[in-house]
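Below you'll find the structure, written out as structure tokens, and then a few comments.
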Amino acid sequence: MLVTIDDKSLEAAAGESCGQVLSRAISGKRLKNSVACLVDGQPRDLSAPVPEGTRELVPVLADSPQGLAIIRHSTAHIMAEAVKKLFPTAQVTIGPAIENGFYYDFAFERPFTPEDLEAIEAEMQKSIAANHPFSCTYVPKADAKALFASQGEAYKLEIMDENIEGDTVSLYRHGAFTDLCRGPHVPTTGMVKAFKLLSVAGAYWRGDEKRPMLQRIYGTAFAAEADLKTYLHHLEEAKKRDHRKLGTQLDLFSFSEEAGAGMAIWHPKGELVRTILEDFERKEHLRRGYQLVRGPQILKRELWERSGHYDNYRENMYFTEIDGQAYGIKPMNCLAHMLIYKSRVRSYRDLPQRYFELGVVHRHEKSGVLHGLMRVRQFTQDDAHILCRPDQLLEEITGVIKFVQDVVGLFGFDYEVELSTRPEKSIGSDEDWDRATKALTDALESLALPYDINEGDGAFYGPKIDIKLKDALDRRWQCATVQCDFTLPERFDLVYTDADGERKRPVMLHRVILGAVERFLGVLIEHTAGALPAWLAPVQARILIVTDAQKEFAAEALSRLRAAGIRAELDDRNEKLGFKVREAQMDKIPYMLVAGDKEKELGGLNVRLRSGENLGVKSLDEIVLLILADCQEPFKRGGMRYNFCSQ
RNA sequence: GCCCACGUAGCUCAGUCGGUAGAGCACUUCCUUGGUAAGGAAGAGGUCGCCGGUUCAAUUCCGGCCGUGGGCUCCA
């Protein structure tokens, strides 16, 4: 795999390409599966000459992550070639590889249509069939600018002016198409074995909404046709898990054009799930020393002016007027929590104060960003504000992260952690920022949580940790977050009397665990494909009768299950058992309890799980214990306590 | 907010190159009492998102609005 180059072989390799040296050292087959190589860790074309001083060469295999990125980026070039050939007036801009594919942004006078995409694909196939080599040349920047200027490629000129330092640029050519590019690329276009163009969408030039809107064509490519098929199949499957689809199918929630965009309407089953989840949250917060509080839905505008929300967040807020007095509908819960803190004199002994509220907030999100339950205009945050002394910061942050870990672990999510540090525009002293950032990193490290750093992406008032969960289509949604805040305590003049009798400023932590109940449920529905764990399932058990000879027996069994606290229902319709099982399966009900003559005689019910497994006939007592144990199981595993029997 | 696409029965979708519409599931009634993913028959259900324009005539063409989807920007 790894080819070490000593001085002697480097001399022998003089004038040879990396590919030639590698082909001598490794089997031809392996080289055939390679799309590029790493020269001392740097990705390079196989056709590149071996640079002086090279110590090692490593082939990059087509199906490795790096290999896929190179294939995808090369496919983007082939796509740009096809677009320029079919639509000569289109201007090329940039076309990187991304997580599951690639895109290329074009400036063109009319929108691309699905038919255009087909034509582009066909044109790409021609280029691939021709098996053009990708070649790299280094030219003076001035020459490259002359070349792109002659082709009317204004965006490429801008990139050279603003983004490329030095006097030399690299150009990649295949067939008749030349692009400004750093590379590397696959050796020839024929190495692209499997690709598909997926969609076209608008995208701002340089991601700036004040710049022109370009057209972005998304596509994907894989090392082999089978991998592409698998991926496309995965996309289809993921769409079936879409929480918007399942929300309708399972009758959990809906949106109504009449009610308004971004306003979820919770149906009985959905509201039940929410209630169970919120009840769980209240208990877990109380266990961890939080206090339950509740603020008003609208507060006087002056308060929002004082907090800075009016200046910084006004476009996202809704306002109203009462008796000539202006009010703002809360987009956040912190203000009332601070008023609670201020309602009496606080001693250092009183800290930390941890105020928890399932706070309903309204935010005027731009219409284009609304997305099912994931992005709505009214939502409920599991919000808390912790007011503590600076010396308590580390312990409080650690406690919050541990809390998040417990909850995320309970549901078995994949997640990513990001630490965002001080942005350019920020307030507060260096000392405060350093202490807060250190507290956040110390907390992450003490819990051995891997994390990425988002330099300069913190809030203007303090650094933060974000935890992002993935949805069915691999999109990331921010859920939990912990933010340090020195500003609001300042603005609202929050103080406590310290041991030395001095009045001091507490630090405020803003934090959420689930984030928003709505978003979290959206992600959870996709994560579980709608088969919610038994403790959260709106209907835990459904009794299915075989004939109406068991109606009475089944009704009796139902009331016994309900008396034991099981959320059960009865399907005594005049339908065949197979039909009822099918419906119960589609409703994702964890326990299907069949009542036939046999069961009636034995005084029990036949237990079928939604996995299809049949546990045989069990007594009602056994069934109750079975379901309750199933409900407790995730909590036991996570070392949490949540008592179902007390409900 | 921006670019593009879409909006037909409760749900999933056909259809109409301008002459007011159809299927499956669901719903109601009847037959069927059937043992682990769809038994049968009949019936009912739509001002084709809303408002305007063009036209003898608009669900169909045009415009505006509302809503949804894929992205961009922004965020829990």
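Here is the naming used below: chain letters follow the sequence lines, and residue numbers restart at 1 for every chain.
- With A:F403 as the aromatic partner, A:R288 meets the cation-pi criteria of under 6.0 angstrom to the ring centre and within 45 degrees of the ring axis.
- Among the protein residues, A:G372 comes within range of the sugar-phosphate backbone only, with heavy atoms under 4.0 Å from sugar or phosphate atoms but none that close to a base.
- Here A:F379 counts as stacked on B:A76: its ring centre is under 5.5 angstrom from the base ring centre and the planes meet at under 30°.
- Here, B:A38 and B:C74 have their C1' atoms 46 Å apart, quoted to the whole Å.
- Set against B:C75, B:G1, B:G71, the side chain of A:R519 has B:C75 as its closest nucleotide.
- Phosphate contact (OP1/OP2 of B:G71, side-chain N/O of A:S199, threshold under 4.0 Å): absent.
- The side chain of A:T547 lies closest to B:G34 when the candidates are B:A76, B:G34, B:C72.
- Taking 4.0 angstrom as the limit, A:H510 places none of its side-chain polar atoms (N or O) nearer than this to OP1 or OP2 of B:A76.
- Donor-acceptor pairing under 3.5 Å, judged by distance alone, is absent between the side chain of A:R211 and the base of B:C72.
- Here the options are A:Q378, A:R274, A:Q381, A:R375, the test is side chain to side chain donor-acceptor pair (under 3.5 Å), and the partner is A:E518; only A:R274 passes.
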Could you go over nucleotides 39-45 of chain B and give all protein N or O partners under 3.5 Å, atom names and distances?
none

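- The listed nucleotides are B:C4, B:U33, B:G71; the one nearest the side chain of A:P111 is B:C4.
- Put simply, the side chain of A:E599 and the base of B:G35 share a donor and an acceptor less than 3.5 Å apart.
- Put simply, A:Y591 has no side-chain N or O that comes within less than 4.0 Å of OP1 or OP2 on B:U36.
- A sub-4.0 Å separation between OP1 or OP2 of B:A76 and a side-chain N or O of A:R375 is absent.
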